[in-house]
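Throughout, a chain's letter reflects where its sequence line sits, starting with A, and its residues are numbered from 1.
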Amino acid sequence: MSERRKPYPFDQFDPKWQAIWEEEQTFHAPNPGEKGFDPAQPKFYVLDMFPYPSGAGLHVGHPEGYTATDIMARYKRLCGCNVLHPMGWDAFGLPAEQYAIKTGQHPAVTTRENVAKFKSQLKAIGFSYDWQREVNTTDPRYYKWTQWIFLKIYHAWFNPETKRAEPISTFRGDDPDDVRLAYVADVAVNWCPGLGTVLANEEVVDGKSEVGGFPVVKRPMRQWMLRITAFADRLIAELDDLDWPDSIKLLQRNWIGRSEGAEIRFPIDAGSARDPRAVSGDSPETSLKTNHKTSGESPDEARESRALPNITVFTTRPDTLYGATYMVLSPEHPFVDKLTTDEQRTAVEAYRSSVASKSDLERTDLSKEKTGVFIGAYAINPANGEKIPIWIADYVLMGYGTGAIMGVPGHDERDLEFAREFELPIVPVVQAPGRTADESIGFLDDGMAINSEMLDGLATPEAKRKMIDWLEVNGHGRADIRYKLRDWLFSRQRYWGEPFPIIWQDKKHGALPESELPVVPPALDDFKPTGTGEPPLAKAKEWVRYSDKADRETNTMPQWAGSCWYYLRFCDPQNEARFVGEAAERYWMGAVNDEARMTNGQASSSDIRHSCFPAQPGGVDLYVGGTEHAVLHLLYARFWHKVLFDLGFLSKPEPFQRLVNQGIILGEDGQKMSKSRGNIVSPDEVIEQYGADAFRCYEMFMGPLQQMKPWSMRGVEGVARFLARVWRLFMTENQAGEWELSAAIEEVEPAKAQRKILHATIKKVTKDIETLSFNTAIAQMMIFVNAFTSAATIPLEVLRPVLILLNPFAPHISSELWQTLHRKFEAGTGEITAQSWPAYDESLLLENEAEIVVQVNGKVRDRVMVALDASDEQAKKIVLASPKIQQLIEGKTITKVVVVPNKLVNIVLAN
RNA sequence: GCCGGCGUGGUGAAAUGGCAGACACAAGGGACUUAAAAUCCCUUUUCGCGCAAGCGAAGUGCGGGUUCGAGUCCCGCCGCCGGCACCA
């Protein structure tokens, strides 16, 4: 008696049912060909973003999305679907390694402990995962296939003709290493000294590492890159058919940053450069090979550029070429050295070194004034033949476009600022509607071309087109498309990641044969980064030596690698011969089998409807996770998926058909949960006090899934009270203080009103689950329970379906009550999880009469009952006969009467 | 700066262009109880009138508009949140 008695005995039946589900493997989904697989069942794949198992365990934010997917999974099973609902661990990554550095504890040990903790917490919430499908990215049986996929990428190239990834064997050029989708490049990378590793652009936030917040500097290093830019167009275009939030699609489109425009070549003025002949090539890109797209320059261009060097710029506004009064090169542009005149050399060198010492953060500080230096050389504007000065300035970035721009101060904000700072000429070439030429300086939108000879009078879009034609015809340039998206920097100098299946011999990289996978990292005592950029794996000399002639690659893959394809492994996690079996992939990642939908055993007569099987184009049917992965994981995974699809391994080009982002859960103080604020709520304490079902239901009852919302223990209590009312609807306490089935439950015909509320509840809950409106589904079940709490007798017929409706939300209590009910009544067979989702009968929702709202001039004045089949005229007549209304309209002129059948009549009076 | 999203009671929120505030929380009152807890019932947008059942007015960030009718659609502001940020 020391503890307070629970309002219902969840502390007894929560563990009981969790044990039964585990024992009976209730939620195991059989694969095609396996025992228990029914080809007539449609599939439903509902996926959570698998967690990184941190040492802190779960907080109440994690299970928000998990609860939503669990409700969906349990609902779809009750609807007769074969549901794939798996969970696993994204366990490579920095925290475990940082911990290892601090304590010497091997990351594998930490990971094992954290996984066990996470798993027991998830089980305590009663999630219906198929634990037979659990995967762990750090398990050699898993990362064997991560490495295998890397090899597929390595052995593939992007064929610009077919716009698809193809095996490297179809490449007809000289050196396949130039075009592989995985390649090595010396690039200016984001080096993070604090973490001792390089980072992808996506992992750098405000000049600091996303993990740990350490400063990040640019540094040239030899790194593995994945050619994601080749897929930029498809990654944008194929978003269209996905059922994702528009905001996430937009985020991805913006991140990819497609810009249409033109590449324009500006000849260097022969008289001005120190030694123009010394400049070779027409673009820095051909030598650097940073961009796949431009590697195939035409021979024409090459010949031309040898005759007279050009500076190539990219612009989205070729129509403004006549307004280009100067050029700016990035300070790192390879032409700067060759073009700088002796007089300007000192100033140029000084500027370049000052820029080099700046961090990215300082350099991109928008509020600072434009800086730059004239390098003494001139270029020729190909449109008007004018000699224009060449400058360098740090507002031009080497990493985008060609690292050089034409300065059009009339119609570009930055150029205008720069030109004003250094008193360069400003020529308006686009006239704004309703403004004079001079007033149009600084006008950025589409207008009409002026001061542009052949373009004069043309609207901007036509002017662009005409200029591009002219450039192409005269060999000064061509239409071009550029992206903000960079190729994916794929190597890390860390211990706790997948080793590359790559060896080096004579300074050339080569792939290991598939038979040598997995490549397991060496045992190390010292996990510390070397600090020099050399990876920790290099310390394992024995391991590194592959043969007398060849050494192993010592970089490791980034954390994203494992999560790029885990949803595929879930389809067939034990397969030792393949990353995913063909039949399993086709079934789970393919489209829903329409035939199965039609022949499914659910009742479907005309008046009984449910919507368990909306049209689904397939793939992962529902993917729930946080917005923080909008441009990282979701873009990388789509990229890998497309490569594997092109190579013929997958059924569909997109992995995740429907995506939903859950909103974050704030602490009780309305602030983001964090250790430092001390406002973290753990599911453990909630479950201990209120039970798993109250926890689940509160997570869903708080508000719309997608919305940010604060936690409230009071709110949990309210939901717990609801579940206690459900309990007492079925159970009463006897003299001995034991719970027994209530005598009020009888096998009697429900009253009409009872039946009506039952069917209204089935309809509402079904619809709300489909739209993920779990909060209003629970509200409706509360209404149902409130309506029955004081009833003298409760018909069995209405209780059974409601338990099934409740089951996805509160699986423990509904299972327990179902079992108790059926010990007495023996109606129906088996556990609640084996039942069918109830159907509702629309005709039972209708009365003979409807209450009509009567408005006068749009204000509600009365309510009257009108027969359902009444005509508009009849309704009007009844409404006008109402004494209240009579009073209000007396002596006034009715100008109009609006009738909304069965709902409303609005009488409009003349004033 | 640019691009999104969101502003409804004391709080979380509900509302296919058709009764604003469902369902909860909190608060207040009552029943049961020796008492408390638990449970159950009632009140609770604001203002005004009324002993009362009730009646009237205003009300969804602010200002306009469309409409018989706007929380919902359109235009212009303000505020908060998120993303991008010298991307040529």
Handout entry: Any-strand Watson-Crick or G-U partner of B/rC51, both distances under 3.5 Å
Key = none

Handout entry: Glycosidic conformation of B/rG69, taking syn as within 90° of 0 and anti otherwise
Key = anti

Handout entry: Test: A/E263 and A/R482 ion pair at under 4.0 Å
Key = yes

Problem - Any A/R728 side-chain N or O less than 4.0 Å from OP1/OP2 of B/rC40 - result: yes

Handout entry: d(CZ, A/F774; P, B/rA13) in whole Å
Key = 17 Å

Practice task
Have a look at A/L397 and say if it touches a base, only the backbone sugar-phosphate, or nothing, with a 4.0 Å heavy-atom cut-off.
Solution key: base

Practice task
May I ask you to say what A/R861 touches in the nucleic acid, namely base, sugar-phosphate or nothing, with a heavy-atom cut-off under 4.0 Å?
Solution key: sugar-phosphate

Practice task
Answer yes or no: does a side-chain N or O of A/K249 lie under 4.0 Å from OP1 or OP2 of B/rC3?
Solution key: no

Exercise for the section: May I ask you to establish whether A/K370 and A/Y395 are in a cation-pi arrangement, using a distance under 6.0 Å from NZ or CZ to the six-membered ring centre and at most 45° from the ring axis? Expected result: yes

Problem - Opposite nucleotide pairing with B/rG63, Watson-Crick or G-U, both atom distances under 3.5 Å - result: B/rC75

Exercise for the section: Answer with base, sugar-phosphate or nothing: what part of the nucleic acid does A/R863 contact at a heavy-atom distance below 4.0 Å? Expected result: base

Problem - Point-to-point distance, once rounded to the nearest 0.5 Å, from OH of A/Y698 to CD of A/E717 - result: 11.5 Å

Practice task
Name the nucleic acid region contacted by A/N786, choosing base, sugar-phosphate or nothing; use a 4.0 angstrom heavy-atom cut-off, strictly under.
Solution key: sugar-phosphate

Handout entry: Parallel, tilted or perpendicular: ring planes of A/W391 versus A/F422, cut at 30 and 60 degrees
Key = tilted

Exercise for the section: Considering non-hydrogen atoms only, spot the tightest contact between A/K672 and A/R677 and give its length. Expected result: O-NH1, 3.0 Å

Handout entry: Opposite nucleotide pairing with B/rA58, Watson-Crick or G-U, both atom distances under 3.5 Å
Key = B/rU45

Handout entry: Rounded distance in Å - CD1 (A/I852) to P (B/rC68)
Key = 20 Å

Exercise for the section: Supply the atom-to-atom distance A/Q780 CD to A/D768 CG, rounded to the nearest 0.5 angstrom. Expected result: 8.0 Å

Exercise for the section: Find the distance A/L909:CG to B/rC68:C1' and express it as a whole number of Å. Expected result: 11 Å

Problem - C1' gap between B/rC41 and B/rG48, integer Å - result: 30 Å

Handout entry: Residue-phosphate contact under 4.0 Å: A/N661 side-chain N/O, B/rG82 OP1/OP2
Key = no

Problem - Spacing of the P atoms in B/rA35 and B/rC42 (rounded, Å) - result: 23 Å

Practice task
Answer with base, sugar-phosphate or nothing: what part of the nucleic acid does A/S259 contact at a heavy-atom distance below 4.0 Å?
Solution key: sugar-phosphate

Exercise for the section: Report the base-pairing partner of B/rC40 (Watson-Crick or G-U wobble, both distances below 3.5 angstrom), or none. Expected result: B/rG30

Exercise for the section: On RNA chain B, check which nucleotide each of A/Y698 and A/L251 is closest to and give me the residue with the more 5' one. Expected result: A/Y698

Practice task
Tell me whether the OP1 or OP2 atom of B/rC25 has a side-chain N or O from A/R721 closer than 4.0 Å.
Solution key: yes

Exercise for the section: Could you check whether A/T316 gets within reach of a base, just the sugar-phosphate, or nothing at all, counting any heavy atom under 4.0 Å? Expected result: sugar-phosphate

Exercise for the section: Answer with base, sugar-phosphate or nothing: what part of the nucleic acid does A/G718 contact at a heavy-atom distance below 4.0 Å? Expected result: sugar-phosphate

Exercise for the section: Give a yes or no on whether a salt bridge exists between A/R696 and A/E699, defined as a side-chain N under 4.0 angstrom from a carboxylate O. Expected result: no

Fill in the blank from the handout: Ordered by number, residues from residues 323-332 of chain A within less than 4.0 Å of RNA chain B (heavy atoms) are none

Problem - Complementary nucleotide of B/rG69, counting Watson-Crick and G-U pairs under 3.5 Å - result: none

Exercise for the section: Measure the distance from NZ on A/K763 to C1' on B/rA22 and round it to the nearest whole Å. Expected result: 17 Å

Problem - A/M398 CE to A/H333 NE2 distance, which is reported to the nearest 0.5 Å - result: 5.0 Å

Handout entry: Watson-Crick or G-U counterpart of B/rA14, or none if no pair lies under 3.5 Å
Key = none

Practice task
Examine the side chains of A/Y322 and A/N381 and answer whether a donor and an acceptor come within less than 3.5 Å of each other.
Solution key: no

Practice task
Report which part of the nucleic acid A/N775 touches: base, sugar-phosphate, or nothing (heavy-atom distance under 4.0 Å, all strands).
Solution key: sugar-phosphate

Exercise for the section: Please state the C1' separation for the pair B/rG12 and B/rG7 - nearest whole angstrom. Expected result: 15 Å

Problem - Pair of N/O donor and acceptor under 3.5 Å linking B/rG18 base with A/Q855 side chain - result: yes

Practice task
For A/L904, answer base if it contacts any base atom (sugar-phosphate contacts may also be present), sugar-phosphate if it contacts only those atoms, and nothing otherwise; contact means non-hydrogen atoms under 4.0 Å.
Solution key: base

Handout entry: Check: A/K903 side chain, B/rU16 base, donor-acceptor under 3.5 Å
Key = yes

Practice task
Calculate the interatomic distance between A/H629 atom NE2 and B/rG83 atom C1'; express it in whole Å.
Solution key: 15 Å

Practice task
Quote, to the nearest angstrom, the P distance that separates B/rU72 from B/rG18.
Solution key: 11 Å

Exercise for the section: May I have the distance from A/K876 (atom NZ) to B/rC68 (atom C1'), rounded to whole angstrom? Expected result: 13 Å

Handout entry: Heavy-atom donor-acceptor pair, A/R317 side chain to A/L444 backbone, under 3.5 Å
Key = yes

Exercise for the section: Name the residue closer to the 5' end of RNA chain B, choosing between A/N906 and A/Y395 according to the nucleotide with the nearest heavy atom. Expected result: A/N906

Practice task
Describe the nucleic acid contact of A/M406 in one word from base, sugar-phosphate, nothing, applying a heavy-atom distance below 4.0 Å.
Solution key: nothing

Exercise for the section: Go through the N and O atoms of the side chain of A/K484 and the base of B/rC84, and report whether any donor-acceptor pair is under 3.5 Å. Expected result: no

Fill in the blank from the handout: From NZ of A/K896 across to C1' of B/rU67 the rounded distance in Å is 9 Å

Handout entry: Nearest-Å distance for atom pair CE/C1', residues A/M782 and B/rC23
Key = 7 Å

Exercise for the section: Among A/R478, A/M467, A/M406, find the one that has a side-chain contact (heavy atoms from CB on, under 4.5 Å) with A/P318. Expected result: A/M467

Practice task
With heavy atoms under 4.0 Å as the rule, sort A/F722 into base, sugar-phosphate or nothing.
Solution key: nothing

Practice task
Using the C1' atom as the reference point in each nucleotide, state the distance between B/rG79 and B/rU60 in Å, no decimals.
Solution key: 16 Å

Fill in the blank from the handout: In Watson-Crick or G-U wobble terms, with both distances under 3.5 Å, the base opposite B/rC2 is B/rG83

Practice task
Using a 4.0 Å heavy-atom cut-off across all strands, classify A/V853 as base, sugar-phosphate, or nothing.
Solution key: base

Practice task
Output yes when at least one side-chain N/O atom of A/R725 is less than 4.0 Å from OP1 or OP2 of B/rC23, else no.
Solution key: no

Exercise for the section: Using a heavy-atom cut-off of under 4.0 Å over every strand shown, decide if A/E851 touches base, sugar-phosphate, or nothing. Expected result: base

